[in-house]
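None of the values given here were measured: they were computed from a predicted structure. In this chain, residues are counted from 1 in sequence order. Each ligand, and each atom within it, is numbered from 1 in the order the structure gives.
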Amino acid sequence: MSSITLTNVRKRFGALEVIKGVDISIADGEFAVFVGPSGCGKSTLLRMIAGLETISDGEFRLDGELMNDVSPDKRGLAMVFQSYALYPHMTVAENIGFSLDLKGIDKPEIKRRVGEVAEKLQLSALLDRRPQALSGGQRQRVAIGRAIIKQPKVILFDEPLSNLDAALRVQMRAELQQLHRNTGSTIIYVTHDQVEAMTLADRIVVLKEGEVQQADHPIALYQEPDNLFVAQFIGSPKMNVFEARVESVASGTARISTTAGWSTELDRIQDLRAGDLILLGIRPEDLSLADTSTGDIITTAHLSERLGMETYVTFDTGQEPAIARIAGDHRIGSGDAVAFRINRAACHIFDRAGKAIRRARP
Ligand SMILES: Nc1ncnc2c1ncn2[C@@H]1O[C@H](COP(=O)(O)OP(=O)(O)OP(=O)(O)O)[C@@H](O)[C@H]1O
Ligand SMILES: [Mg+2]
């Protein structure tokens, strides 16, 4: 059992408060992922949980037990960093077993446990190698092995894959999922990578300037962001936002006109009134190419980026350009007239302060 609760946790460096009252609970066996812009406090929060930074205020409990003043080695947690230093003169087996050796555990027991861990991480064939004879991914796996051999209650990862190339990251992502299934450990994982966050997390915690913006299942965050910040942070390219006004509302359908000059109708409306000023959020994937005589948005293309499987079309809105993510390859030139149809069912509504205004469930 290893659940984590943070209650009104704060961190101050001198007069500067960087963690501003965080409340999070992570269930036993849960895979939680922290995301947020650079400098929002992800590593600081992780280091406070690990005991590498003091907690200025608030409570951190592990299985209900107050941990604030417990030393790092007594917390039963292990941490894996982006830059991991393996001992170059030791073999893989010695690197993984080192902490047990320090504890004075006898050799046969260490050998048995190193063998178990190596099997979980597919390192069994490499146990006699030294780190310089390993690939980046294999080295990262040794670093993970070194952490899990201590049978930690919780494993903390701070951007563990960001030094690896794209193909290796995909492979390690799958291996981390496997590791989580095999060990059932509670995991807290910090990443900048959207795909890692979406695919690994049972729950994503979105942080901004030391505060939790929203914590929920990845798909819930994508489909029902609480605010504009979360809406634009989850999803790539980010959600387009149009300033708009509600013209009329009748039997749950609102007529909405944007300052960009086009209008649309949205159903499942419950909390809007004629005259309301809102922000209309449309994800790039909720725009599709349409005929210039029938499209919802008729405009001019600024730029198209052809990725082969899809095409990103940046287009004029009168303000900040917006972007459409169109399936397939399309040759669209700068200055071409383009039209888009909106997937109205998937449009998001926010008030002008950026708080989500929920539509009724379909
Ligand atoms: N020892 C310190 N003294 C003063 N300020 C610090 C200290 N450590 C971190 N900070 C500040 O705390 C804030 C949060 O830093 P932190 O490293 O937790 O961010 P992060 O979310 O992990 O960012 P990144 O994504 O870039 O790794 C930053 O503004 C940083 O400058
Ligand atoms: Mg960091």
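Residue, atom and distance of the protein heavy atom nearest to atom 17 (O) of ligand 1 are S43 CB, 3.8 Å. Remark: minimum distance from atom 26 (O) of ligand 1 to any protein heavy atom is reached at S38 OG, 2.5 Å. Among protein heavy atoms, the minimum distance from atom 5 (N) of ligand 1 is reached at F13 CD1, 3.3 Å. Nearest to atom 14 (C) of ligand 1 among the protein's heavy atoms is G39 O, 3.4 Å. Counting protein heavy atoms only, atom 16 (P) of ligand 1 is closest to T44 OG1, 3.5 Å. The protein atom (non-hydrogen) at minimum distance from atom 25 (O) of ligand 1 is K42 NZ, 2.8 Å.
Remark: of the listed residues K208, R358, K355, R358 is the sole one forming a salt bridge (Lys or Arg N to Asp or Glu O under 4.0 Å) with D226. Each of K42, H180, E196 was compared with Y189 under the side-chain hydrogen bond (donor to acceptor under 3.5 Å, both in side chains) criterion, and only E196 meets it.
Inspection of the T264 and R344 side chains reveals an N or O donor paired with an N or O acceptor under 3.5 Å. Neither side chain, T300 nor D316, offers a donor N or O lying under 3.5 Å from an acceptor on the other.
By the 6.0 Å contact criterion, CD on E320 is open, its count of non-hydrogen atoms from other residues, nucleotides or ligands being 12 or less. In the displayed structure, R112 atom CZ is contacted under 6.0 Å by more than 12 heavy atoms of other residues, nucleotides or ligands.
Distance check for atom 29 (O) of ligand 1: a protein heavy atom is found below 4.0 Å. Less than 4.0 angstrom separates atom 9 (C) of ligand 1 from at least one non-hydrogen atom of the protein.
Between F315 and F242, the angle of the ring planes stays under 30°, which puts this pair in the parallel group of the 30/60° scheme.
At least one heavy atom of C40 sits closer than 4.0 Å to an atom of ligand 1.
By the criterion of a heavy-atom distance under 4.0 Å, the side chain of V18, and not its backbone, is placed next to ligand 1.
Some N or O of G41 is nearer than 3.5 Å to an N or O of ligand 1, by distance alone.
Close approach to E159 involves these atoms of ligand 1, each under 4.0 Å from a residue heavy atom: 25 (O), 27 (O). Of all atoms in ligand 1, numbered sequentially from 1 with element shown, those under 4.0 Å from a heavy atom of H192 are 25 (O).
The Mg ion (ligand 2) has no N, O or S atom of S38 under 2.8 Å away, backbone or side chain.
For the pair K20 and E211, the salt-bridge criterion is not met [side-chain N within less than 4.0 Å of a carboxylate O].
R359 places no side-chain N or O within 3.5 Å of a backbone atom of I269 that could act as its donor or acceptor partner.
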